[in-house]
Protein chains: 2
Amino acid sequence: MRFGEGVEWGVHVCALLAAAPPDRGLSAKALAEFHELPPAYLAKHLQALARAGLLTTSRGPRGGYRLARPAGEISLWEVAEAIEGSGPAFRCTEIRQRGPCAASAKACIRPCGIAAAFAAAENAMRKVLEKITIADAAMQAASAADSRQMAAFRAWLVRAAT
Amino acid sequence: MRFGEGVEWGVHVCALLAAAPPDRGLSAKALAEFHELPPAYLAKHLQALARAGLLTTSRGPRGGYRLARPAGEISLWEVAEAIEGSGPAFRCTEIRQRGPCAASAKACIRPCGIAAAFAAAENAMRKVLEKITIADAAMQAASAADSRQMAAFRAWLVRAAT
DNA sequence: GCTGTTATACTCGGATAGAAGATGTCCGAGTCTTAACGG
DNA sequence: CCGTTAAGACTCGGACATCTTCTATCCGAGTATAACAGC
């Protein structure tokens with residue numbers, strides 16, 4: 001059970017976009033450069049975020065990505081789901097209905113208890129991630145940075161927005 | 001983010017072993033037959049469970065697997081971890097330390113806020129799964145079964161223990 | 001000087017390879033059973 | 001009739017293929033920009 005690498009990238013990128021001026025998009029190339037990520041592959045995940053409605057895109061020169069909603073209204077769960085897909089983590093294949101002692105189909109109207117347990121666990125995880133927003137992540141990152149890093153960040157922003 | 005198929009198999013198999021007589025092991029072949037699972041592949045997961053100390057093995061004729069502990073002391077989390085591995089679901093690669101605005105190593109003594117958020121979410125899921133035991137799963141399965149299925153199960157048990 | 005047009009460069013978007021992990025299968029090592037054999 | 005022993009069959013254990021998913025990359029489609037020519 002593991003999250004793909006793209007989830008980490010997606011959250012960091014969204015936090016970066018939250019700190020950028022909202023009237024101006026950041027290109028995939030700039031976003032990749034900021035974290036030294038492979039530009040083409042990051043672009044793939046950015047497309048997934050755009051398809052999910054978390055980012056809006058502008059093409060052409062001075063185009064790029066920006067947050068589709070205020071950062072406080074985008075949860076970490078939405079980002080993870082946009083990149084990883086929306087299926088449940090535990091997929092019950094109903095093996096109780098197979099084999100020599102198969103349960104009758106009538107008895108299987110209620111979901112399998114094991115699947116229900118994992119679904120409850122996944123819900124608990126989802127609830128935590130739904131309560132944490134991109135704004136929270138950006139705030140934490142900003143508070144952890146010293147003045148030197150903040151100055152470097154501002155300088156990078158104006159350069160990336162050229 | 002998803003659990004492998006082996007986790008489902010492992011939990012079902014452990015629940016089955018919980019219902020079997022504790023003085024007598026069940027072979028991998030019998031366990032596979034019960035759910036119509038590929039025997040060789042299920043054996044692989046059974047080995048993982050044995051390595052993790054959840055099952056004990058006996059070789060030779062009339063050998064097989066049995067629970068190493070009472071079913072009420074084996075949690076679903078332990079089963080999942082034994083099969084999937086113990087690493088964290090979200091692995092922070094510290095991309096904040098890379099790029100033109102890299103955070104200083106000194107500022108990174110405290111863990112990344114994003115990684116902490118995902119770790120908290122994973123802990124929430126783990127806590128739920130730690131509270132649910134194999135005994136609970138076996139009980140639910142038994143209560144969902146009708147009398148016909150219970151009779152078939154008992155008949156299968158004596159045949160598998162031949 | 002202003003406006004319309006056109007060429008350009010920059011951006012996203014989906015289609016296309018490669019690597020890693022999960023899935024599935026096989027045969028050898030080990031051991032308990034069992035039955036034959038000798039005492 | 002009993003103890004010993006050796007063969008046999010059954011079991012687990014790890015090494016060996018196959019396949020899906022994740023990772024990584026490239027080139028074409030589309031658009032705002034900016035230069036340029038005409039008025």
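Letters A, B, ... are given to chains in the order of the sequence lines, protein chains preceding strands, and every chain is numbered from 1.
Here Ala43(B) lies out of heavy-atom contact (under 4.0 Å) with every strand. Here Gly25(A) lies out of heavy-atom contact (under 4.0 Å) with every strand.
Each of Ile74(A), Leu17(A), Ile134(A) was scored for a side-chain contact (heavy atoms from CB on, under 4.5 Å) with Leu54(A), with one residue passing: Ile74(A). Of the candidates Arg2(A), Glu8(A), Glu5(A), Phe90(B) forms a side-chain contact (heavy atoms from CB on, under 4.5 Å) with just one, namely Glu8(A).
Rounded to whole Å, the distance from NZ on Lys29(A) to P on dC10(C) is 8 Å. Between Lys44(A) atom NZ and dT25(D) atom P there is a gap of 12 Å when expressed in whole angstrom units. What separates CG of Leu55(A) from C1' of dT11(C) is a distance of 15 Å, to the nearest Å. Rounding to whole angstrom units, CZ of residue Arg51(A) and C1' of dG13(C) are separated by 9 Å. Atom CZ in Phe3(B) sits about 16 Å away from atom C1' in dA22(C), given to the nearest Å. Atom OH of Tyr65(B) and atom P of dT11(D) are 11 Å apart (whole Å). One can place NE2 of His45(A) at 10 Å from P of dC22(D), the figure rounded to the nearest angstrom. Computed from coordinates, the Leu37(B) CG to dT23(C) P distance equals 13 Å when rounded to whole Å.
Of the side-chain N and O atoms in Thr57(B), none sit less than 4.0 angstrom from OP1 or OP2 of dT11(D). Here Tyr41(B) reaches the OP1 or OP2 of dT23(C): one of its side-chain N or O atoms lies under 4.0 Å away.
Checking dT33(C), dC10(C), dG24(C) against the side-chain heavy atoms of Arg62(B) singles out dT33(C) as nearest. You'll find that the side chain of Ser27(A) is closest to dC12(C), out of dC12(D), dC12(C), dT23(C).
Map Ala40(A) and Arg2(A) each onto its nearest nucleotide of DNA chain C; the residue landing nearer the 5' end is Ala40(A). Projected onto DNA chain C by closest heavy-atom contact, Gln47(A) and Gly6(B) fall at different nucleotides, the more 5' of which corresponds to Gln47(A). Nearer the 5' end of DNA chain D, as judged by each residue's closest nucleotide, is the contact made by Leu46(B), out of Leu42(A) and Leu46(B).
The hydrophobic cluster containing Met139(A) does not contain Leu157(A), counting ILVMFWY residues as joined when their side-chain heavy atoms lie under 4.5 angstrom apart, directly or transitively.
Taking the six-membered ring for Trp and thresholds of 30 and 60 degrees, His45(A) and Tyr41(A) have ring planes inclined between 30 and 60 degrees apart.
For dA29(D), the base has a donor-acceptor partner in the side chain of Arg59(A) [N/O atoms by modelled type, under 3.5 angstrom].
A 4.5 Å side-chain heavy-atom check between Arg91(B) and Phe118(B) finds every atom pair outside the cut-off.
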